[in-house]
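Each chain gets a letter, A, B and so on, in the order its sequence line appears, and its residues count up from 1.
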Amino acid sequence: MNREIELDHITKIEGHANLYVKVTHGKIKKVELRVVEGARYFEGLLLNRDATDAHYIASRICGVCSQAHVVGALHAIEKALGCKSTPQTEVLRELLLLGDILESHVLHLYFLALPDYYAYSSALEFANSDPKILRAALVLKQTFNRIERVLGGREVHAVTPVVGGFSKLPTQEEINGLVKDLKKVEKMVLQVPGLIGSLDLPKFSRPCEHIAISRSNGSMFFGDEIKAMRNGKVFSIEEYKRNINEYVDFTTTSKEALFLGQSFMTSALSRLNIHYAKLSPVAKKLVAGSKVKFPNDSPFANNFAQAIELVEFYYRALKLLEGLKIKQEKPIPVKPRAGHGVSATEVPRGILFHEYELNKSGSIKKCNIITPTSQNLHNIEEDVHAFLPTILDKHEAAIKLELEKLIRAYDPCISCSTHFLSLKLDRE
Amino acid sequence: MKAKPLVGIYALTSCSGCQVTLLGLEEKFLQLTEITEIKYFPLIKERLYDGRVDVAFIEGTVIRKEEIETLRDIRKKAKILVALGTCATFGGIASIRDFEDKAKVMTCVYPNPLFLDSVHNVRGLDCYVKVDYALRGCPIVGEEFVRFTTDLVLGKKPVVVEEPVCVECRRNKNICFLLKKKQCLGPLIYGGCNSICINEGRPCYGCRGPMKEANLDALMRLFKRYGIPFSSIRNSLTVFAGTSKRYRRGVLR
């Protein structure tokens, strides 16, 4: 049987992507996830710009995870400029990132992934069938948005984070307000893993490599070492390029990446696969009470991993906020200088790398940004390859839905993955 | 306008930040879904609808040539077309590349067929089709969207702020960056953002684009007097709306 399956402009993901599959005599000949978002050349846009503007421009890579790019860029730039930020700044940055991850997970779980399992066209349909679910989604989103708004000035493309600190600090009252808001939604947060864990997920698993930040300075999100689960290799983030090879596939506008020549995954699932033992007792109990176990080889388990992270990071945010006594401090002044800095950040969809090289006037000479989605693209294709034979006997529409579920489970962020500059820069 | 106008929320190449801002309206967004019928919104909804809409909001702008066709198609289907955010209005952040060395870009272009698919200059949607309204900002201001949409539903002509950022900034009692001899684009730029950046301790970067009456020359003279280097002025003018004709004279020397 020969057939071609095309998913044109897949919905409920961030950005524009198509999937093309060719099957000849029941054998899968070709799987291509084509990113059709236009290339915006972010690494090119950043060239010759002042180092202190990098995070502001990089933020525009993605409106879903803008705080992640802000924090990642600031850390790398500060390394290059030899600027060490204060402990308070680092706590506030982590909170900003937590707000982003929590909000992004809610957006993905409720608005992008969940409708598939209820056969709804969109989450708005919950308004009629199960208003409680829609209500929970909105209340949670609102609460986590508020963290970003209080710390960053607004929820998308934050204003206050700058090199050396914050242009404006939140007041202690605002912080106390956030603590109060967070406490109100505790019950709602604890219910999320139950809801996501009860979904009837496709039975599919494929062992693959997972990577996550394994050692960090202070916060678990800002790393200096990365670990691969299967291979066991641990490497410093300065060596990221030697381990993670980005390449250009001419069928898409996105770069893809391999870890030591293999496809791999970086995601909430990867973080739990590697750090399961370090979870808080509350989160562990929720896992124990579900059908999903970690480590887990099914990409569909990424949804549940996000739900568990929602609980884990919710308590982390609450703890940090409760411990905050805001000290008035100004951003640390920086002097332009030549330098080089790499950062790795755990963001909603996995590890985000930012690397900058500055010339002595402090402007950007070279930069490289690798987003989680571009690292995951190859793995998604391989999953489609392995998953498709198990569903090939279904109707066309059912096959498409199952494939969409798989792709959405990765929570791909297409704008993030289409930012590459030029072949010339790659060869350097 | 009839009782429940049909609305489509479309996106060309962009970061989705404006659409995320819409979802960030939460309860208010739900209320909007009650007074309008959102037929098309692929970020959160399957694409089951391909028909006409009363209002089309478009985030992002044309980067790939095939997006021109997509845009024209949306224009044909829509009674009112609204540019959503700075990319759709002026080209936005991606237009930075128009001010880089074109020859260098071309040498990168040749070996990669994908680059040939890109448009030469990144412009706003009005370069290709008639745009009825523009909601500026990177990202858009959620409250402005609510006000705008409600006006449309009520059959009122939507009011778009036609004052510079400085007016709102003064109202918010901020200390003027220009008085501190620092670079700020406030006097040139369309307000409507409630001077959010200055409220938060940062100068205006001009994300909403230059006003019709913007006196670029006067501000440039002031910057020069303050000893701000041209490279720094050029950088800030080109972050968001570099391709706007009103900026060109200031940017291209």
Side-chain angles (χ1 to χ4, degrees), chain A residues 9 11-16 36-42 44-45 47-50 53 56-57 60-64 66 103 107 111-112 115 121-124 127 134 138-139 141-142 145 152-157 159-160 162 166-168 248 250 252-253 363 413 415 418 421-425, chain B residues 11-21 23-24 26-27 29-30 33 38 41-48 60-64 66-67 87 92-94 96-97 100 104-105 107-109 111-115 117-119 122 138-139 196-197 199-202 205 207 231-232 235-236 239:
Chain A
H9 280 214
T11 59
K12 285 174 266 174
I13 59 170
E14 194 290 324
H16 306 290
V36 290
E37 188 93 11
R40 290 179 295 160
Y41 311 90
F42 263 94
L45 306 185
L47 290 182
N48 305 320
R49 298 254 153 194
D50 202 77
D53 277 345
Y56 200 65
I57 294 173
R60 269 72 187 181
I61 290 172
C62 175
V64 180
S66 59
E103 194 233 328
L107 175 71
F111 287 93
L112 312 185
S121 148
S122 92
L124 298 176
L134 188 60
L138 289 177
V139 170
K141 231 176 114 342
Q142 211 161 12
N145 261 340
R154 64 179 167 209
E155 59 267 49
V156 179
H157 304 323
V159 182
T160 58
V162 292
F166 283 80
S167 67
K168 187 177 167 190
V248 178
F250 287 98
T252 101
T253 53
S363 60
C413 189
S415 291
T418 55
L421 166 64
S422 64
L423 292 174
K424 196 169 172 225
L425 199 75
Chain B
L12 303 175
T13 294
S14 65
C15 77
S16 299
C18 293
Q19 297 175 78
V20 171
T21 304
L23 293 176
E26 284 119 17
E27 297 283 349
F29 179 74
L30 273 198
T33 64
I38 298 186
F41 191 1
L43 179 62
I44 60 160
K45 198 178 158 96
E46 263 161 61
R47 298 186 312 144
L48 303 168
T61 193
V62 171
I63 302 279
R64 286 168 71 106
E66 62 183 41
E67 288 178 309
C87 296
I93 205 116
I96 291 177
R97 75 169 155 104
E100 300 310 313
K104 210 163 133 193
V105 174
T107 51
C108 306
V109 169
N112 189 340
L114 279 169
F115 286 72
D117 192 32
S118 281
V119 292
V122 180
C138 181
I196 180 165
C197 291
N199 306 349
E200 299 293 334
R202 300 193 62 188
Y205 276 69
C207 78
S231 62
S232 160
N235 268 353
S236 71
V239 174

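Here the straight-line distance linking atom CG of A/Asn48 with atom CD1 of B/Ile96 works out to 11.0 Å at 0.5 Å rounding. Note that OG1 of B/Thr33 is 6.0 Å distant from CG of A/Leu124, once rounded to the nearest 0.5 Å. Summarising the geometry, atom NE2 belonging to A/His16 is positioned 6.5 Å from atom CD belonging to B/Glu67; distances are rounded to the nearest 0.5 Å. Rounding to the nearest 0.5 angstrom, the gap separating the NE2 atom in A/His157 from the SG atom in B/Cys197 is 11.5 Å.
Neither the backbone nor the side chain of A/Val139 comes within less than 4.5 Å of any heavy atom in chain B. Proximity to chain B (any heavy atom under 4.5 Å) is restricted, for A/Glu155, to the side chain, taken from C-beta onward. Residue B/Ile38: no heavy atom, backbone or side chain, is found under 4.5 Å from chain A. Interface residue B/Cys138: backbone and side-chain heavy atoms are both found under 4.5 Å from chain A. Only the side chain of A/Leu112 has a heavy atom closer than 4.5 Å to any heavy atom of chain B. Contacts of B/Ile93 with chain A are made by both backbone and side-chain atoms, with heavy-atom separations under 4.5 Å. Looking at A/Ser121, both its backbone and its side chain come within 4.5 Å of chain B, counting heavy atoms on both sides.
Ranked by non-hydrogen atom pairs under 4.5 Å with chain A, the options B/Ser231, B/Pro139, B/Gly201, B/Gly60 are led by B/Pro139. By number of non-hydrogen pairs under 4.5 angstrom with chain A, the leading residue of B/Ile44, B/Ile63, B/Val20, B/Val62 is B/Ile44.
Listed for the A/Arg49 side chain is a donor-acceptor partner under 3.5 Å among the backbone atoms of B/Asn235. Although no hydrogens or angles enter the test, the distance criterion places a donor-acceptor pair under 3.5 Å between the side chain of A/Lys168 and the main chain of B/Asn199. Although no hydrogens or angles enter the test, the distance criterion places a donor-acceptor pair under 3.5 Å between the side chain of A/Ser167 and the main chain of B/Glu200.
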Practice problem: May I have the step-by-step check of side-chain contact (heavy atoms from CB on, under 4.5 Å) for A/Thr160 and B/Arg202, ending in yes or no? | Solution: CA-CA 7 Å; A/Thr160 58; B/Arg202 300 193 62 188; 5.9 Å; no
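In this structure, B/Leu43 and A/Glu14 approach most closely via the heavy-atom pair CD1-CA, 4.0 Å.
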